[in-house]
Undergrad: 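Before we start, here is the structure in question, set down as structure tokens.
Here is how names work: the chains are called A, B, and so on, in the same order as the sequence lines, proteins then strands, and each is numbered from 1. Side chains are part of it too, since the values below use all heavy atoms of this structure and drop only hydrogens, waters and symmetry mates.
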Amino acid sequence: MPELPEVEVVRAGLAPAVTGATITGVSVLDERALTRHAAGAADFVGRLEGRTVRAAARRGKFLWLPLDGDEAALIAHLGMSGQMLLRAPDAPLERHERVRMHVEHPTHGELAVVFADQRTFGSLAVDALIADGPSIVPSQVRHIARDPLDPFFDDLDFVAAVRRRLSAIKRVMLDQTVVSGIGNIYADEALWASRIHPETSADRLSTQAVRRLLGEVRSVLAKALAEGGTSFDAQYVNVNGQAGYFAHSLNAYGRGGQPCPRCGGPIRREAFMNRSSHYCPRCQRRR
DNA sequence: GGGGGTTCCTGTACGC
DNA sequence: TGCGTACAGGAACCCC
């Protein structure tokens, strides 16, 4: 399940392969991969062919490739199970392949960039680039808050925004308009590390508690990034199809019934927002 | 406009 | 063995 570390691993893998490369051909095998591109497949292809990729950028879980001219970008959201894979130009179809782009790089030669997605929650689009303060982002990303690894992330604003909310802190952490990049896995991990119960109302957390939580969010994201991301159900892989190792370092997520690494009590798994929360009822007391 | 619930989707795991 | 069902969850969307 790609969250910030996984998307960043993908971005970093794509960057050297596509920066400076020209898009020579695009095949859309499944239009459901273009739900973010309202104008349809022919328009999508027309806006990409012949263009040169300038870079690979990211905010939260959104990834984009700015195109020459600086007016538009190819954006990608991996959803639950999306993968961006680098393949030889004549490589056979991937399982669940939705879109294939052929690119020609001035030094690396020809390459196929494949978007594969089992559960089809992911999607690509060509979108206009717009200014967002000091940043340039696709219009579809404008409402997404900066992520905690963004140099322009404002810690004080974040603490204040969280403490204004009347919802459960975990719901607030998953709200991409408050802070981006955090999904179910890293929300559970950061809450465990901060000893905060996921159902705690955000407005009842002290400034210090929210600051500590933000520190733990940054810490868990950085550690996951260093280990290549979390590959929990084999859906997430890097651009070469390799899994990440952070699943071995999880303390709470996916460990329902197993002993808490801190106190030894059983980790509890509970339904929460149509998904699951994993926490230690002993270390993470409900206020 | 905040808050909270629903919906989209497919492969896998599991119970009967 | 085979069938049915629950489950995984990011984010847009809807209603209150």
Undergrad: Please report the distance, rounded to the nearest Å, between CG in A/D117 and P in B/dG11.
TA: 11 Å

Undergrad: If you check the A/N274 side chain, which of B/dT7, C/dG10, C/dA11 turns out closest?
TA: B/dT7

Undergrad: With the threshold set at 4.0 Å, does a side-chain nitrogen-carboxylate oxygen contact exist between A/D155 and A/R218?
TA: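 Between A/R218 and A/D155 there is a salt bridge, with a charged N closer than 4.0 Å to a carboxylate O.
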
Undergrad: Could you check whether atom CD of A/E49 has more than 12 heavy atoms from other residues, nucleotides or ligands sitting under 6.0 Å from it?
TA: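 Enclosed: over 12 neighbouring heavy atoms sit under 6.0 Å from CD of A/E49.
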
Undergrad: Whole-Å distance between B/dG11 P and A/Y236 OH?
TA: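 In whole Å, B/dG11 P lies 22 Å from A/Y236 OH.
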
Undergrad: Are any of A/S81's side-chain N or O atoms less than 4.0 Å away from OP1 or OP2 of B/dC9?
TA: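 No, because none of the side-chain N or O atoms of A/S81 sits under 4.0 Å from OP1 or OP2 of B/dC9.
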
Undergrad: Consider the side chain of A/S167, meaning its heavy atoms from C-beta on, and name the nucleotide among B/dT10, C/dG10, B/dG4 that approaches it most closely.
TA: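 Taking heavy atoms from C-beta onward, the closest nucleotide is B/dG4.
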
Undergrad: Would you indicate which nucleotide in B/dG11, B/dC9, B/dG5 comes nearest to any side-chain atom of A/R171?
TA: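 From the listed options, B/dG5 comes nearest.
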
Undergrad: Could you tell me if A/E270 and A/Y279 have a donor-acceptor pair between their side chains, going purely by distance under 3.5 Å?
TA: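 On atom types as modelled, these side chains qualify, holding a pair under 3.5 Å.
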
Undergrad: Which listed nucleotide (B/dG11, C/dG10, B/dG3) is nearest to the side chain of A/Q118?
TA: B/dG11

Undergrad: Considering only C/dA11, B/dG3, B/dT10, which nucleotide approaches the side chain of A/R119 most closely?
TA: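 The nucleotide sitting nearest to the side chain is B/dT10.
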
Undergrad: Using a strict threshold of under 4.0 Å (side-chain N to carboxylate O), is an ion pair present between A/D147 and A/K61?
TA: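 Salt bridge: no.
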
Undergrad: Do the side-chain N or O atoms of A/H143 get closer than 4.0 angstrom to the phosphate oxygens (OP1, OP2) of C/dA11?
TA: no

Undergrad: In whole angstroms, how far is the C1' atom of B/dG2 from the CG atom of A/L166?
TA: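 My rounded result for the distance is 8 Å.
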
Undergrad: With a 4.0 Å cutoff (strictly under), does any side-chain N or O of A/R32 reach OP1 or OP2 of B/dT10?
TA: yes

Undergrad: Would you mind classifying the nucleic acid contact of A/F272 as base, sugar-phosphate or nothing, using non-hydrogen atoms under 4.0 angstrom?
TA: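 Touches nothing.
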
Undergrad: With both distances under 3.5 angstrom, what nucleotide forms a Watson-Crick or G-U wobble pair with B/dA13?
TA: C/dT5

Undergrad: Given side-chain hydrogen bond (donor to acceptor under 3.5 Å, both in side chains), test A/R59 with A/S180 step by step and report yes or no.
TA: CA-CA 7 Å; A/R59 173 180 286 183; A/S180 68; 5.9 Å; no

Undergrad: Let me know, please, whether A/A168 or A/T120 comes out on the 5' side of the other along DNA chain B by nearest nucleotide.
TA: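 Nearer the 5' end of the strand: A/A168.
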
